[in-house]
Amino acid sequence: MQFSSTEVIIIIVLATIIFLLAPLSLLIYIKSYNSLKVKDLEEKHNMQLKFDAEILKTQIEVQEQTMQTIATDLHDNIGQLLSLISLTLNSINIIETEKSEKKINTSLNLLHKSIKELRDLAKLLQGEQLVKTGLGRAIKQELNRLRRISGYHLKVKNQLLAIKVSSPNKDLIILRLLQEIINNIIKHAKATHIEINAFLKNDMLHLSVTENGIGFDYEEIKNQKRGIGLYSLYKRVEMIAGEIQINSCTTRGTLITIEIPYP
Amino acid sequence: MTHIINILIEISCLTASLFFLRNDITKFSCITTVYLVIVCATEIIGLFYVKTFHQSNAWIYNIFIIFEATYISYGLYLALKFLTSKAIIICSFPLIIFCSTYILEIFNHGYLRFQTLAIAIESVLFVFISLIYFYLLIEQKKPINLKIHPQFWWVAGVLFYYFGSTIYNLFIHFLYKDFPKSYAVLIYVMLFLNLLLYSIWIYSFICNSRQRKLLLSLY
């Protein structure tokens with residue numbers, strides 16, 4: 001087969017164009033792939049920003065919760081005790097020695113109780129930093145708050161006190177989740193018995209809260225768009241790649257189980 | 001005429017390197033400028049030699065391709081260094097193959113015949129390494145800013161030039177003997193490839209300048 005000069009020229013030009021188009025396509029592909037990488041990185045950055053904002057919000061909420069507990073404690077416990085001491089001391093008649101001695105002893109006892117309450121309050125103030133010393137201790141502190149409110153029969157199995165791993169951001173969110181659940185129980189559940197289990201197994205943190213309150217219809221609350229607290233629970237658990245299950249039955253109480261990859 | 005245009009393209013690239021890389025004290029930028037001086041000098045001496053002595057200037061280009069192979073291998077090594085720990089092995093491989101072929105050709109055909117085989121093999125290996133570079137670039141998770149990435153464009157120029165010149169390397173002997181009229185088209189193809197290579201390299205020098213300005217603005 002013989003080629004003319006013109007044919008050879010056409011073949012050479014076409015072959016060169018093809019040989020140049022190949023690297024050109026490669027460069028276009030790299031450029032578009034690189035743009036995708038940039039977009040992906042931006043998305044990750046935005047997600048990180050959202051996460052940081054949520055952590056900040058959670059921190060503020062934990063602080064607010066602490067302040068609220070302190071205020072309640074000061075008003076309901078220490079304030080009452082000090083008022084009682086003041087009344088007792090005012091009612092002392094020095095001439096009646098025997099009665100006075102009794103009243104002074106009562107006042108002293110009340111004063112000791114006040115000091116003890118103040119110490120507990122001081123611990124609570126430290127508790128704001130407690131999440132830094134471990135999730136187990138933070139949960140313990142939170143349950144102490146619940147005990148002080150009293151009126152509940154508490155059954156606690158906190159195995160997180162012994163764990164040696166930690167994840168500061170997750171710890172803060174988990175503590176806030178527990179606070180939110182406890183607040184909901186106090187506000188709405190009308191429960192008498194609360195059971196709390198917290199343990200770590202196969203790099204998964206399990207937290208379950210059971211109570212025997214009035215329960216609720218989750219679907220109804222969702223449809224009426226009243227469950228902002230519940231939505232917040234779901235959102236936060238999802239943010240740390242966890243799972244939450246809420247089983248509630250009217251008149252029978254509620255069981256909330258949370259599983260979070262940990263640390 | 002094509003030779004003059006070719007020399008002008010190369011001088012333009014040299015001027016661009018002197019202008020854009022003037023404040024860059026990295027070894028590669030200095031070597032690039034020196035290499036472009038060698039390129040221009042080779043072209044001018046080669047043209048002058050043919051016009052004056054009316055003899056083949058192949059021996060001049062045979063010397064030049066040693067610089068070319070070394071420079072391109074070094075440039076590819078620097079580009080790959082940031083992507084793989086095996087860069088030195090990958091880039092010394094074509095240099096060894098090139099040297100072996102070069103010596104073999106000198107023994108077989110002497111110094112006055114143009115080293116087409118050594119160049120053809122070298123081209124294929126450079127294309128192969130450039131493709132490795134782009135593959136590793138795609139593989140890495142971190143995106144790059146193409147507007148300030150001189151190495152990317154430098155390697156792109158190398159890929160275009162050596163992949164495009166495959167046709168030239170494959171057909172040069174065949175056309176030279178059987179289709180002398182068509183041979184001229186290969187000269188134009190090479191001229192176009194040179195234009196492409198040096199244009200992309202000029203853009204890489206601009207990227208280098210942008211990158212340094214950006215770094216300086218950060219301080």
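Throughout, a chain's letter reflects where its sequence line sits, starting with A, and its residues are numbered from 1. If you're wondering where the values come from, they're calculated on a predicted model, not measured in any experiment. These values consider heavy atoms only, across backbone and side chains, with no hydrogens, waters or symmetry-generated copies.
- Note on ring orientation: taking the six-membered ring where Trp is involved, the planes of Y35(B) and F64(B) are parallel (angle under 30°, cut-offs 30° and 60°).
- The residue among I18(A), I30(A), L41(A), D40(A) with the most heavy atom pairs within less than 4.5 Å of chain B is I30(A).
- Ionic pairing of K50(A) and E54(A) is not present here: no N-O contact between side-chain nitrogen and carboxylate oxygen is shorter than 4.0 angstrom.
- For the set V189(B), L131(B), V127(B), the entry with the most heavy-atom pairs within less than 4.5 Å of chain A is V189(B).
- With a 4.5 angstrom heavy-atom cutoff, F152(B) touches chain A only via side-chain atoms.
- Highest contact tally toward chain A, considering only S165(B), G164(B), A156(B), P143(B), is held by P143(B) [criterion: heavy-atom pairs under 4.5 Å].
- The aromatic rings of Y29(A) and Y33(A) lie parallel to each other, with less than 30° between the two planes, well short of the 60° mark.
- At a threshold of 4.0 Å, the pair E61(A)-R236(A) counts as salt-bridged, since one of the basic side-chain nitrogens sits closer than that to a carboxylate oxygen.
- Within 6.0 Å of CZ in F67(B) there are 12 or fewer heavy atoms belonging to other residues, nucleotides or ligands.
- Interface remark: L24(A) contributes backbone and side-chain atoms alike to the contact with chain B (heavy atom separation under 4.5 Å).
- Using a 4.5 Å cut-off between heavy atoms, Y188(B) does not touch chain A at all.
- Between chain A and the options I144(B), L146(B), L196(B), heavy-atom pairs under 4.5 Å are most frequent for I144(B).
- In this structure, S204(B) contributes its side chain and I200(B) its backbone to no donor-acceptor pair below 3.5 Å.
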